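Comments concern the structure below.
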Amino acid sequence: MQIPSHIQTTIRDQAQSDATFNAYIYDLDPMHHKIELLHSIMPQGVEVFYAMKANPHPAFLQTALKAEVTGIEIASLGEATKAVTSGFSPAQLIYTGPGKSIEELTWCIKNSIRTIHIESLAEAHRINALCEKLDKTQDVLLRINADFDIHDAQTTFSGGSKKFGIDEEQLDIALPQILALSKLNFRGLHVYAASGVLSVSDLLHNCKLVFDLTQRIEAEYSGVQCDIIDFGGGFGVDYLESGTDFDPKAYADGLKTMITDYGFAGRHFVLELGRWLTADCGWFCTEIIDIKTSRGKKQVVCAGGINHFRRPAALAINHPMDIVALSKEKLFEAQEFIRKEKVYFGGPLCTSADKLANDVYIEEAHIGDIAVFGLAGAYGLTMSNVGFLSHAQPQEIVYAANKETS
Ligand SMILES: *Cc1c(COP(=O)(O)O)cnc(C)c1O
């Protein structure tokens with residue numbers, strides 16, 4: 001991995017003091033450009049929402065706002081509050097996720113958010129009862145656990161037994177009940193197959209199956225129209241640096257053809273994107289505190305571990321990484337260092353699960369240098385075990401062209 005020069009400069013500027021350096025550095029430019037790119041290539045009717053669980057830092061929400069996403073996909077009341085604080089209106093929020101509480105649903109119904117995505121029959125009845133109490137109606141989508149999955153995805157959300165959505169096979173029992181709930185306004189379907197998909201044809205195949213399902217429902221239930229079709233997220237990121245970036249233009253073109261083929265023009269097609277918009281906006285940068293040899297292998301211990309950057313351990317992968325050399329003074333003459341070898345990187349936590357990278361080839365590294373992990377803008381700090389061992393949280397530094405601010 002090549003660390004961009006402005007990120008290297010930021011690290012050198014910020015790591016000068018005696019304080020241990022341990023930080024996420026964010027540059028929001030890639031996110032802004034990607035949202036603008038989607039606006040320019042996607043067919044008519046496609047609406048881009050930011051799935052904010054990928055990174056809820058205010059800079060990401062503000063970038064989404066400035067780049068004019070249609071809205072924010074939330075999965076909790078906390079996310080709703082952050083989105084509204086950053087300038088989004090409740091009418092721009094869509095709410096997906098299992099286990100929505102009464103408090104969360106009440107806020108969403110009272111504030112008339114755009115759509116709530118039903119995950120179960122119990123939830124449909126709960127929303128309807130709250131609407132009756134509050135004397136409101138609510139637009140809803142039905143989330144389907146489709147009978148297909150994408151096998152090589154990083155995480156799948158449909159196929160098999162899942163806590164997400166209602167099984168496709170139960171649709172004929174569930175849908176009539178939902179349609180009969182008088183306070184719910186059925187607007188369409190939500191089918192989110194998988195996250196981290198690099199293959200455009202796999203994701204398009206998912207769209208086709210959702211379109212087929214839409215046609216079947218509309219043929220079977222007269223008067224029912226799915227005027228919103230939500231594909232969830234899923235655009236993948238090339239964490240393994242295999243040279244296979246997701247191709248948004250191929251996806252846009254394929255979707256456009258499909259919309260025409262099915263005669264679906266005039267409907268809303270929702271994309272809830274997290275990872276692809278944000279992964280390359282973040283670097284996790286952590287100081288090397290110790291280097292030692294243990295039974296023939298170098299162990300590198302950093303200031304932050306899975307408490308600050310859990311993804312590599314959780315997904316059992318190495319993120320792209322490199323070293324920023326700071327040429328700190330040695331503590332003693334025979335101090336160990338790394339030169340052209342494969343090593344283990346861990347954090348300071350007292351568990352062997354605390355892995356940042358394993359068998360990763362490093363040209364050169366010394367105690368006091370900064371280990372930098374790329375593609376850390378998505379599912380970074382907030383997916384980590386921040387409370388475990390009570391270490392201070394890393395800084396979050398937002399890069400701005402002419403100044404850096406914390
Ligand atoms: C996490 C999530 C997303 C975002 O997925 P990415 O793969 O990061 O794009 C979108 N929709 C829902 C419902 C999610 O849970």
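Predicted model, so just to flag it, every value in this text is computed and none were measured.
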Trace of the salt bridge (charged side-chain N to carboxylate O under 4.0 Å, His left out) decision for R114 with E47: CA-CA 13 Å; R114 193 172 112 134; E47 299 172 322; 2.9 Å; yes

Please tell me whether F88 and F49 form a close aromatic pair, meaning their ring centres lie under 6.0 Å apart. no

Atom pair CD1/CG of I144 and D230 - distance to nearest 0.5 Å: 12.0 Å

For side chain to side chain contact (heavy atoms under 4.5 Å, CB included), just list the numbers for V372 and M1, CA-CA rounded to whole Å, side-chain angles, deciding distance to a tenth of an Å, and then say yes or no. CA-CA 9 Å; V372 180; M1 180 190 80; 4.2 Å; yes

Any chance you could lay out the side-chain hydrogen bond (donor to acceptor under 3.5 Å, both in side chains) test for T115 and R187, step after step, and finish with the verdict? CA-CA 8 Å; T115 47; R187 297 290 306 275; over 6 Å; no

Any chance you could lay out the side chain to side chain contact (heavy atoms under 4.5 Å, CB included) test for Y251 and L271, step after step, and finish with the verdict? CA-CA 12 Å; Y251 179 88; L271 295 175; 3.5 Å; yes

OH (Y344) and CG (L356) are apart, to the nearest 0.5 Å, by 8.0 Å

Is the ring pair H391/H308 parallel, tilted or perpendicular, if the boundaries are 30 and 60 degrees? perpendicular

Do the side chains of E336 and K292 get close enough for a salt bridge, i.e. N-O under 4.0 angstrom? no

Close side-chain approach of L389 and N307, heavy atoms under 4.5 Å: no

Are a donor atom and an acceptor atom from the side chains of R143 and T96 found within less than 3.5 Å of each other? no

Any side-chain heavy atom of Q92 within less than 4.5 Å of one from T70? no

Pair L28-Q62, side chain to side chain contact (heavy atoms under 4.5 Å, CB included): steps then yes or no: CA-CA 10 Å; L28 280 303; Q62 280 149 22; over 6 Å; no

Taking the ring centre of each residue, are H319 and F309 less than 6.0 Å apart? yes

Can you tell me if E168 uses its side chain to pair, donor with acceptor, with the backbone of D147 under 3.5 Å? yes

Locate the shortest heavy-atom distance separating A15 from K328; write the atom from each residue and the value. O-NZ, 4.3 Å

As an exercise, state the distance from CG of L142 to CG of L121, rounded to the nearest 0.5 Å. 8.5 Å

Spacing of CG belonging to L273 relative to NZ belonging to K34, to within rounding of 0.5 Å: 10.0 Å

Would you find more than 12 non-hydrogen atoms of other residues, nucleotides or ligands less than 6.0 Å from E169 atom CD? yes

Do the side chain of D354 and the main chain of G347 share a donor and acceptor less than 3.5 angstrom apart? yes

Answer whether the closest heavy-atom distance between the side chains of W283 and I11 falls below 4.5 Å. no

Does G243 offer a backbone N or O that forms a donor-acceptor pair with the side chain of D238 under 3.5 Å? yes

Give me the atom names and distance for the closest heavy-atom approach of A378 to T278. CB-OG1, 3.2 Å

Side chains of Y26 and E396: is there a donor and an acceptor less than 3.5 Å apart? yes

Given the side-chain rings of F60 and Y50, with only the six-membered ring counted for Trp, is the space between their centroids under 6.0 Å? no

First locate atom CG of D261, then atom OG1 of T257, and finally report the distance between them rounded to the nearest 0.5 Å. 6.5 Å

Taking C-beta and beyond as the side chain, do K53 and Y379 meet within less than 4.5 Å on heavy atoms? yes

Does a side chain donor of either H366 or Q335 reach within less than 3.5 Å of an acceptor in the other side chain? no

With a cut-off of 6.0 Å (strictly less than), are more than 12 heavy atoms of other residues, nucleotides or ligands near NZ of K183? yes

Taking the side chain from N318 and the backbone from N358, do they hold a donor-acceptor pair closer than 3.5 Å? yes

Given side chain to side chain contact (heavy atoms under 4.5 Å, CB included), test N385 with L349 step by step and report yes or no. CA-CA 11 Å; N385 306 81; L349 306 185; 5.7 Å; no

Considering only heavy atoms from C-beta outward, does the side chain of H125 approach that of L181 to under 4.5 Å? yes

How close do Y239 and P320 get, counting heavy atoms only, and between which atoms? O-CD, 3.2 Å

Would the distance check show the side chain of D369 and the main-chain N or O of L326 forming a donor-acceptor pair, the cut-off being under 3.5 Å? yes

Pairwise side-chain contact, M31 with I35, heavy-atom cut-off 4.5 Å (strictly under): yes

Under 3.5 Å, side chain of Q14 to main-chain N/O of T10, donor-acceptor pair present? no

Where do M52 and K82 come nearest, in terms of heavy atoms and distance? CE-CB, 3.8 Å

Within the supplied structure, the quantity of interest is the number of heavy atoms (other residues, nucleotides, ligands) at a distance under 6.0 Å from K136 NZ; does it exceed 12? yes

Locate the shortest heavy-atom distance separating V343 from K297; write the atom from each residue and the value. C-CE, 4.3 Å

Using modelled atom types and a 3.5 Å cut-off, is there a donor and acceptor pairing between side-chain atoms of R310 and backbone atoms of T382? no

Under 3.5 Å side-chain donor-acceptor pair for E104 and S101: yes

For the atom pair CD1 (I94) and CG (D139), what is the distance rounded to the nearest 0.5 Å? 12.0 Å

Does a salt bridge link K340 with E363, judged by any charged N lying under 4.0 Å from a carboxylate O? yes

State, yes or no, whether a side-chain contact exists between I362 and F337 at a heavy-atom distance under 4.5 Å. no

Please confirm whether F269 and F264 have ring centers closer than 6.0 angstrom. no

Distance-only polar pair, side chains of N22 and T286, donor-acceptor under 3.5 Å: yes

F164 ring center within less than 6.0 Å of Y192 ring center: no

N/O donor-acceptor pair under 3.5 Å between R267 side chain and C226 backbone: yes

For the residue pair E73 and A51, what are the closest heavy atoms and their distance? OE1-CB, 3.5 Å

Could you tell me whether a side-chain N or O of D27 sits under 3.5 Å from a main-chain N or O of Y399, the two making a donor and an acceptor? no

In the structure I gave you, are the side-chain heavy atoms of F21 and Q395 within less than 4.5 Å of one another anywhere? yes

Cationic N near anionic O, under 4.0 Å, K208 to D212: yes

Hey, is the main chain of K249 close enough, under 3.5 Å, to the side chain of D247 for a donor-acceptor pair? yes

Only one of L141, L93, I127 passes side chain to side chain contact (heavy atoms under 4.5 Å, CB included) with I116; say which it is. I127

Electrostatic pair E123:K100 at N-O distance under 4.0 angstrom: yes

